[in-house]
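Numbers here are sequence positions counted from 1.
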Amino acid sequence: MSESIIKTKSFELAVSGIKFYKSLVSDKKEFVMSKQFLRSITSVGANVREALNAQSKSDFIHKLSISQKECDETMYWLELLKETNYISVDEFKSIYPQCEEVLKIIRSIIITSKKTHNS
C-alpha cells in the first residue's frame with residue numbers, strides 16, 4: 001500500500017516542482033540553482049519508479065535510497081533559494097512541506113524494508 005502512495009506522492013511532487021521551476025525561470029530569471037532543483041525533484045519519482053521495478057529487495061532499498069538523497073537535495077536547493085532571496089518564505093512554504101512528506105514516506109519504507117530484509 002505504501003508503495004502506491006509513494007508512487008503517487010512522488011509524481012505529484014515532480015509536477016509541483018516543474019511548475020515551481022517554470023516560475024523561477026520566467027519570473028525570477030534564475031537559471032542555475034533552479035536547474036539543479038528541477039533535476040533533483042524529478043529524480044525523486046523516477047527513482048521511486050525504478051525501485052518499484054527492482055530485481056531484488058536489496059535493489060529496491062538501493063533505488064529508494066537514491067530517491068531519498070534526491071529528495072533531500074531538493075530541499076537543500078529550496079533552502080538555498082529562500083536564503084538568497086530568490087523565493088519568498090510563502091513560495092518556500094508552498095512546496096517544502098510536500099518534499100518533507102515524501103522524504104518521510106521514503107525513509108519509512110526504507111526502514112521497514114531493511115527490517116524485513118534482514119529478518
**Study point:** CD on Glu83 to CG on Leu80, rounded to 0.5 Å
**Key:** 8.5 Å
Revision key, fill the gap. Tightest non-hydrogen contact, residues Thr116 and Ser113, listed as OG1-O, 3.1 Å
Check your understanding: Looking at Glu91 and Lys28, does any basic side-chain N land under 4.0 Å from a carboxylate oxygen?
Key -> yes
Check your understanding: Can you hop from Val15 to Val102 via hydrophobic side chains spaced under 4.5 Å?
Key -> no
Check your understanding: With no hydrogens and no angle check, is any side-chain donor or acceptor of Gln98 less than 3.5 Å from a backbone partner on Glu100?
Key -> no
Review point. Donor-acceptor pair, Glu30 side chain versus Met33 backbone, under 3.5 Å?
Key: yes
Review point. To the nearest 0.5 Å, how far apart are CG in Leu64 and CD1 in Ile6?
Key: 7.5 Å
Check your understanding: Is there a side-chain contact between Leu24 and Lys29, using heavy atoms and a 4.5 Å cut-off?
Key -> no
Check your understanding: Are Thr74 and Phe37 close enough that some pair of their side-chain heavy atoms sits under 4.5 Å apart?
Key -> yes
Practice item. Check whether any side-chain heavy atom of Thr42 lies under 4.5 Å from a side-chain heavy atom of Tyr21, and answer yes or no. Key: no
**Study point:** Interatomic distance, Trp77 atom CH2 to Asp72 atom CG [nearest 0.5 angstrom]
**Key:** 12.5 Å
Practice item. Please step through side chain to side chain contact (heavy atoms under 4.5 Å, CB included) for the pair Ile41 and Ile95, ending with a clear verdict. Key: CA-CA 11 Å; Ile41 202 164; Ile95 194 165; 3.9 Å; yes
Practice item. For Phe11, look at atom CZ and say whether over 12 heavy atoms of other residues, nucleotides or ligands are found less than 6.0 Å away. Key: no
Exercise for review: Look at the side-chain heavy atoms of Ile, Leu, Val, Met, Phe, Trp and Tyr, link any pair under 4.5 Å apart, and say whether Leu103 and Ile111 land in one connected group.
Suggested key: no
Review point. How about Gln55 and Phe60: do any of their side-chain heavy atoms sit closer than 4.5 Å?
Key: no
Point to revise | Non-neighbouring partners of Ile66 that pass side chain to side chain contact (heavy atoms under 4.5 Å, CB included), sequence neighbours left out | key: Asn47, His62, Glu70
Check your understanding: Minimum heavy-atom separation for Lys9 to Ile105, with atom names?
Key -> CG-CD1, 4.2 Å
Practice item. Measure the CD1-OG distance between Ile110 and Ser65 for me, rounded to the nearest 0.5 Å. Key: 4.0 Å
Exercise for review: Count the heavy atoms of every other residue, nucleotide or ligand shown that sit under 6.0 Å from OH of Tyr86, and state whether that count exceeds 12.
Suggested key: no
Review point. For Phe20 and Ser94, what are the C-alpha separation, side-chain angles and deciding distance, and is it a side chain to side chain contact (heavy atoms under 4.5 Å, CB included)?
Key: CA-CA 9 Å; Phe20 198 83; Ser94 75; 3.8 Å; yes
Check your understanding: Got a second to check how far Glu101's CD is from Ile5's CD1, nearest 0.5 Å?
Key -> 9.5 Å
Point to revise | Rounded distance (nearest 0.5 Å) linking atom OG1 of Thr112 with atom CD1 of Ile61 | key: 10.0 Å
Check your understanding: Quick one: do Phe31 and Leu38 end up in the same hydrophobic cluster if we chain Ile, Leu, Val, Met, Phe, Trp and Tyr together by side-chain heavy atoms under 4.5 Å apart?
Key -> yes
Exercise for review: Return yes when atom NZ of Lys63 has more than 12 non-hydrogen atoms of other residues, nucleotides or ligands closer than 6.0 Å, and no otherwise.
Suggested key: yes
Review point. Is a donor on one side and an acceptor on the other found under 3.5 Å between the side chain of Ser67 and the backbone of Val44?
Key: yes
